[in-house]
Amino acid sequence: METRLALVRRARRMNRILAETYPDAHCELDFTNPLELLVATILSAQCTDKRVNMVTPTLFAKYPTVEDYAAADPSEMEGIIKSTGFFRAKTNSIIGMAQAVSAKHGGVVPRRLTDLVALPGVGRKTANVVLGNAFGVPGLTVDTHFQRLVRRFGWTDETDPVKIERVVGELIPKREWTVFSHRVIWHGRRICHARTPACGVCPLAALCPSYGTGPTEAAKAAKLVRPGPFS
DNA sequence: ATCCCGAGGG
DNA sequence: CCCTCTGGAT
């Protein structure tokens, strides 16, 4: 059983290695404007950031302000964002979010987590992305990558994002929460994949309790694999 | 086939 | 906890 002290030390080392490995980890939805970042993040659900970035110029030109989104014609907006998938739900979310921001916050995107999460289509992950990357408020963005990695790191098996934030928040300094989230997510995208993690080239191998317990690339190629504690 | 830096509803 | 929503890339 790992002691609390050992756990904290290991977490700090992992964070340091991630920082060295991904020195320029950042939000790939590169908007400093809160409204733009909020809309782009809503669009990014189950869709690559590249594809989101292909529609945002057209979208932001047509809807420059909260009021423009609030008064938007749904079918027109669907046409613009169609290629990002889930376009009906996303259109409803964006218009509903804008109407709520207009009615409850005077057309200004709120800076508080509770206010952001209360907006239609805005969950905890999206809210923390906006807080961290547009408002400079530290936040852990617990997406599917983050969730998977902290489990493999042996930090927590919790699935509830709030509980995960609480556990990780005690291991990582608050002022690094935002960039730490990006490091973890970048690592998940590049090496610590859901099905077949590339443990052979992982810079965290020596510190990872899940090292070697997952399917190898060779086994995967031979189709002899069932991911154990993975997924 | 499987995945993409999710959210809402049952 | 489950399901659904969607198109595009690999």
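In this text, all values refer to a predicted model and were calculated from it rather than measured experimentally. Side-chain atoms are counted along with the backbone in the values below, which use heavy atoms only and exclude waters and symmetry mates. A, B, ... follow the sequence lines: proteins, then strands. Residue 1 opens every chain.
For the pair A:Glu165 and A:Lys125, the salt-bridge criterion is not met [side-chain N within less than 4.0 Å of a carboxylate O].
For A:Ala6, the side chain to side chain contact (heavy atoms under 4.5 Å, CB included) criterion is met by A:Glu2, A:Thr3, not counting sequence neighbours.
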Can you give the donor-acceptor pairs under 3.5 Å from side chains of residues 111-121 of chain A to other protein atoms, not counting sequence neighbours?
unit_1	atom_1	unit_2	atom_2	d
A:Arg112	NE	A:Asp115	OD2	3.2
A:Arg112	NH2	A:Asp115	OD1	3.4
A:Arg112	NH2	A:Asp115	OD2	3.1

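Against DNA chain C, the stretch residues 24-44 of chain A makes no heavy-atom approach under 4.0 Å. Contacts between residues 46-59 of chain A and DNA chain C, defined by a heavy-atom separation under 4.0 Å, are made by A:Gln46, A:Arg51. Looking at residues 163-184 of chain A, you'll see that no heavy atom sits under 4.0 Å from any atom of DNA chain C. Looking at residues 116-145 of chain A, you'll see that no heavy atom sits under 4.0 Å from any atom of DNA chain C.
Between A:His182 and A:Asn133 the shortest side-chain heavy-atom distance falls below 4.5 Å. Looking at heavy atoms from C-beta onward, A:Arg13 lies out of side-chain contact with A:Leu204 at the 4.5 angstrom threshold. By the 4.5 Å heavy-atom criterion applied to side chains, A:Met54 and A:Ser83 are not counted as neighbours.
Whole-Å rounding puts the A:Gln147 CD to B:dA7 C1' distance at 14 Å. Distance, A:Ile95 CD1 to B:dG8 P: 16 Å, rounded to whole Å. Atom C1' of nucleotide B:dC5 and atom OH of A:Tyr22 are separated by 14 Å, given to the nearest angstrom. The CD-C1' distance, from A:Glu158 to C:dC1, rounds to 14 Å in whole Å. Atom NZ of A:Lys90 and atom C1' of C:dT4 are 14 Å apart (whole Å). Per the geometry, CZ belonging to A:Arg195 stands 19 Å off P belonging to C:dT10, to the nearest Å. With rounding to whole Å, A:Phe86 atom CZ is found 15 Å from B:dG9 atom P. Between A:Arg148 atom CZ and B:dT2 atom C1' the separation is 14 Å, expressed in whole Å.
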Pair A:Glu36-A:Thr56, side-chain hydrogen bond (donor to acceptor under 3.5 Å, both in side chains): steps then yes or no: CA-CA 8 Å; A:Glu36 291 185 344; A:Thr56 47; over 6 Å; no
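Ring centroids of A:His26 and A:Trp186 are separated by less than 6.0 Å, placing the two rings close together.
Nucleotides B:dT2 and C:dC3 are separated by 16 Å at their P atoms, to the nearest Å. A gap of 23 Å separates the C1' atoms of B:dA7 and C:dA9, to the nearest Å. Comparing the P positions of C:dT6 and B:dG10 gives a spacing of 16 Å, expressed to the nearest Å. Taking the P atoms as reference points, C:dC5 lies 22 Å from B:dC5, given to the whole Å.
Note on A:Ile185 and A:Ile164: separate hydrophobic clusters, where clusters join Ile, Leu, Val, Met, Phe, Trp and Tyr whose side-chain heavy atoms are under 4.5 Å apart, directly or indirectly. In the hydrophobic cluster analysis, where Ile, Leu, Val, Met, Phe, Trp and Tyr join through side-chain heavy atoms closer than 4.5 angstrom, A:Phe31 is grouped together with A:Val101. Residues A:Leu131 and A:Val39 are members of one and the same hydrophobic cluster, defined by side-chain heavy-atom contacts under 4.5 angstrom among Ile, Leu, Val, Met, Phe, Trp and Tyr. Clustering ILVMFWY residues whenever any of their side-chain heavy atoms sit less than 4.5 angstrom apart, transitively, puts A:Val109 in the very cluster that holds A:Leu59.
Between A:Trp155 and A:Phe180, the angle of the ring planes stays under 30°, which puts this pair in the parallel group of the 30/60° scheme.
A:His145 contributes atom NE2, which lies 10.5 Å from atom SG of A:Cys192 (distance to the nearest 0.5 angstrom).
A:Arg189 has a side-chain polar atom (N or O) that falls below the 4.0 Å cut-off from OP1 or OP2 of B:dC5.
Contact annotation for A:Lys82: backbone-only contact, meaning every heavy-atom pair under 4.0 Å involves sugar-phosphate atoms and none involves a base.
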